[in-house]
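What follows is one structure encoded as structure tokens, with my remarks underneath.
Note that these values count all heavy atoms, side chains included, but never hydrogens, waters or copies made by symmetry. Note that the coordinates shown come from a computational prediction; the quantities given were computed from them, not determined experimentally.
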Amino acid sequence: MAYPYSSSGFPGYPGYPGGDPAYPPAGQQAFPGGQYPGGAYPPAAGGGYPAAGGFPAPGGYPGAVPSYPGAPGYGAPGQGSGYGAPGQGSGYGAPPGAPGYGAPQGVPGYGAPGFGAPAGGYGAPAAGGYGAPAAGGYGAPPGGAPGYGGYQQPSTQNYGAGGPGQAQGGYPSGPAPGQQPLPFASAMTATQGTIRAAANFDALADAEKLRKAMKGFGTDEQAVIDVVSNRSNDQRQKIKAAFKTAYGKGAGTKEGVLIEILCSRTNSEIRNIVACYKSEFGRDIEKDIRSDTSGHFERLLVSMCQGNRDENPNVNMQQVEQDAQRLYQAGEGKLGTDESSFNLVLASRSFPHLKALTEAYARISKRDLLSVIGREFSGHIEDGLKAILQCALNRQAYFAERLYKSMKGAGTKDCTLIRVIVTRSEIDLVQIKQAFAQMYQKSLASMVSSDTSGDYRKMLIAITGQ
């Protein structure tokens, strides 16, 4: 299936990231008194606003860098009249007739006359919302003053995707003087599942409902669906334990599964999996991986099951450039392949770092990094390295592909279909559905409906939603 690489991202948060409403951003000189009047100015730099818009249209994959869809971007929304009081332009201008931005008149401790606020205070911005600032930054107030008393203005450099109608901002060469690096990964957490934990949960009562639904001749399938599809994974595990305790029985090595799980999860998720594996089977997962796999693929999985990937959201662009050169010299730049260099970089660097790395690599090579991995590796190690890089570029697109491949062609890979839908239902299944529709021009629910039947279909649709 063809994958476009775009920076449009998924719809953003319903509001703006929280934080201290004071201006200027962290690392800059504070305003006298600690906060601007009204507290209505934008939060400190570092969060950014994820870009709105649908998932990108299909394109070529693999291929050049524009071959895999980009994750949600970090630019400010492109609409609105900018940051300022209603009726003004795109900068932070002073209100007509007011000599500056200071404390409301009559409030002690804010300095000499001339810093008074206009009558009515500083109102909320116009209906256009908090739009992106003008190209010149946040404008200075009338009278030639250099902005807010000479305070340094925030950078408008985007990380990854821009807002609607904006060009891709790319990866900046480094933070502006006096500013902290903007985080690459904050918007990656802006996801939504289709299942939430049920209120007033009673594991034993649910176990009794399931027992009653499955006891005797026939099964009340709808009763089973109503319970299972409306409980979180944690609640389902408690129902399973309660069922086994009450009735004395439970209710019901593939490389692709190992790759999907170990190469796409966070450190905390991997550590929980390792601990649960030990508790459930009394075995060490690393020893089992070593006994069932070999070579470079074994080394990659052992690295991944440590759960020690760097998760710092800030990106060191100097290290990114060094890693790009390292991978070029380990692959295209030499006869043969230095697999250990690819393992070191892809198994240990943060996902935001790896996303920036694909851009940096494209500047020193005629090929994108995904296609280079395809040329330099084969088999399971190729699949594992690609999975890591695809999750760095767009995790939801990776899972959309997994779902599509589980249903296309003859037969359905039910284990993959069930595993992805269930495990992502509380995390980012809403965004995976959006990615699926854009990549394959059909809804996930419609493909599930055409590939499954009966109560199995009803259960999956109940979890995914229409």
Side-chain angles (χ1 to χ4, degrees), residues 46 68 70-72 74 159-160 171 181-191 255-278 284-290 293 296-324 326-327 330 338-361 369-370 372-373 377 380-399 402 420 423-424 427-428 431:
Y68 202 81
Y74 295 80
Y159 282 75
Y171 299 88
L182 294 175
F184 253 82
S186 60
M188 295 179 72
T189 60
T191 54
E255 290 81 357
V257 177
L258 289 173
I259 291 170
E260 176 196 307
I261 292 175
L262 293 178
C263 294
S264 69
R265 272 28 177 200
T266 65
N267 287 346
S268 61
E269 289 171 336
I270 290 174
R271 291 167 187 163
N272 287 337
I273 289 168
V274 170
C276 185
Y277 189 94
K278 179 74 172 179
D284 184 272
I285 192 171
E286 182 177 331
K287 289 182 179 179
D288 283 352
I289 286 173
R290 290 185 182 279
T293 60
H296 299 297
F297 181 55
E298 173 196 338
R299 287 190 277 277
L300 176 65
L301 293 183
V302 169
S303 296
M304 299 308 301
C305 74
Q306 306 309 308
N308 284 328
R309 180 180 298 280
D310 177 19
E311 292 186 331
N312 185 347
N314 296 324
V315 173
N316 183 328
M317 294 307 299
Q318 183 177 1
Q319 187 180 45
V320 166
E321 297 293 340
Q322 292 172 352
D323 283 345
R326 178 197 290 246
L327 295 188
D338 178 6
E339 295 86 354
S340 63
S341 290
F342 279 85
N343 189 99
L344 184 153
V345 172
L346 295 181
S348 65
R349 303 295 191 252
S350 71
F351 285 123
H353 180 103
L354 295 179
K355 183 178 180 181
L357 176 61
T358 63
E359 296 273 345
Y361 192 93
L369 193 51
L370 273 173
V372 168
I373 291 174
F377 296 89
H380 299 313
I381 181 63
E382 175 190 353
D383 295 339
L385 294 175
K386 281 185 173 180
I388 293 170
L389 198 56
Q390 288 165 349
C391 286
L393 291 171
N394 191 318
R395 194 186 308 269
Q396 288 75 41
Y398 169 75
F399 284 115
R402 293 287 293 168
V420 173
T423 60
R424 307 311 294 187
I427 303 172
D428 56 0
Q431 284 71 33

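Nearest approach of Tyr398 to Glu260, heavy atoms of both residues: OH-CA, 3.3 Å. Looking at every heavy atom in both residues, Leu300 comes nearest to Ala347 through CD1-CB, 4.3 Å. The nearest pair of heavy atoms linking Ser341 to Leu327 is O-CD2, 3.8 Å. Between Ala392 and Lys355, the shortest heavy-atom distance links the atoms O-CB, 3.8 Å. In terms of heavy-atom proximity, Glu321 sits nearest to Ala360 at OE2-CB, 3.9 Å. When all heavy atoms are compared, the tightest approach of Phe399 to Ser264 is CZ-OG, 3.5 Å.
Qualifying side-chain contact (heavy atoms from CB on, under 4.5 Å) partners for Asp428, counting only residues two or more places apart in sequence or in other chains: Thr191, Arg395, Gln396, Arg424, Gln431, Ile432. In this structure, Glu311 has no salt bridge (Lys or Arg N to Asp or Glu O under 4.0 Å) partners at least two apart in sequence or on a different chain.
Looking at Leu357 and Val345, their side chains come closer than 4.5 Å, going by heavy atoms from C-beta outward. Contact of the Tyr277 side chain with the Asp284 side chain is not registered, since no non-hydrogen atoms from C-beta on lie closer than 4.5 Å. A heavy-atom distance below 4.5 Å is found between the side chains of Leu370 and Leu393. A 4.5 Å side-chain heavy-atom check between Lys386 and Ile259 finds every atom pair outside the cut-off. In this structure, the side chains of Arg309 and Met304 come closer than 4.5 Å at one or more pairs of heavy atoms. A 4.5 Å side-chain heavy-atom check between Pro352 and Val315 finds at least one atom pair inside the cut-off.
For the residue pair Asn343 and Ser303, a side-chain donor N or O sits within less than 3.5 Å of a side-chain acceptor on the partner.
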Candidate pair Val302 and Ile289, rule side-chain contact (heavy atoms from CB on, under 4.5 Å), full reasoning:
CA-CA 7 Å; Val302 169; Ile289 286 173; 4.2 Å; yes

Go through Phe342 and His296 one step at a time and tell me if the side-chain contact (heavy atoms from CB on, under 4.5 Å) criterion holds.
CA-CA 10 Å; Phe342 279 85; His296 299 297; over 6 Å; no

Could you walk me through whether Leu344 and Arg326 pass the side-chain contact (heavy atoms from CB on, under 4.5 Å) test, one step at a time?
CA-CA 10 Å; Leu344 184 153; Arg326 178 197 290 246; 4.0 Å; yes

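Tested against Ile373, the residues Asp383, Leu385, Ile388 include a single side-chain contact (heavy atoms from CB on, under 4.5 Å) partner, Leu385. None of Ile381, Leu262, Ile285 except one satisfies the side-chain contact (heavy atoms from CB on, under 4.5 Å) rule with Leu301; the exception is Leu262.
Residue pairs meeting the salt bridge (Lys or Arg N to Asp or Glu O under 4.0 Å) criterion with at least one member in residues 343-354, sequence neighbours excluded: Asp323-Arg349.
By the 30° and 60° cut-offs, the orientation of the rings of His380 relative to Phe297 is tilted.
Remark: Glu298 CD to Leu258 CG distance equals 12.0 Å, nearest 0.5 Å. We find the CD-CD distance between Gln322 and Gln319 to be 6.5 Å, quoted to the nearest 0.5 Å. From Asp310, atom CG reaches atom CZ of Phe351 across 11.0 Å, with rounding to the nearest 0.5 Å.
In this structure, the side chain of Arg265 does not engage the main chain of Ile270 through any donor-acceptor pair within 3.5 Å.
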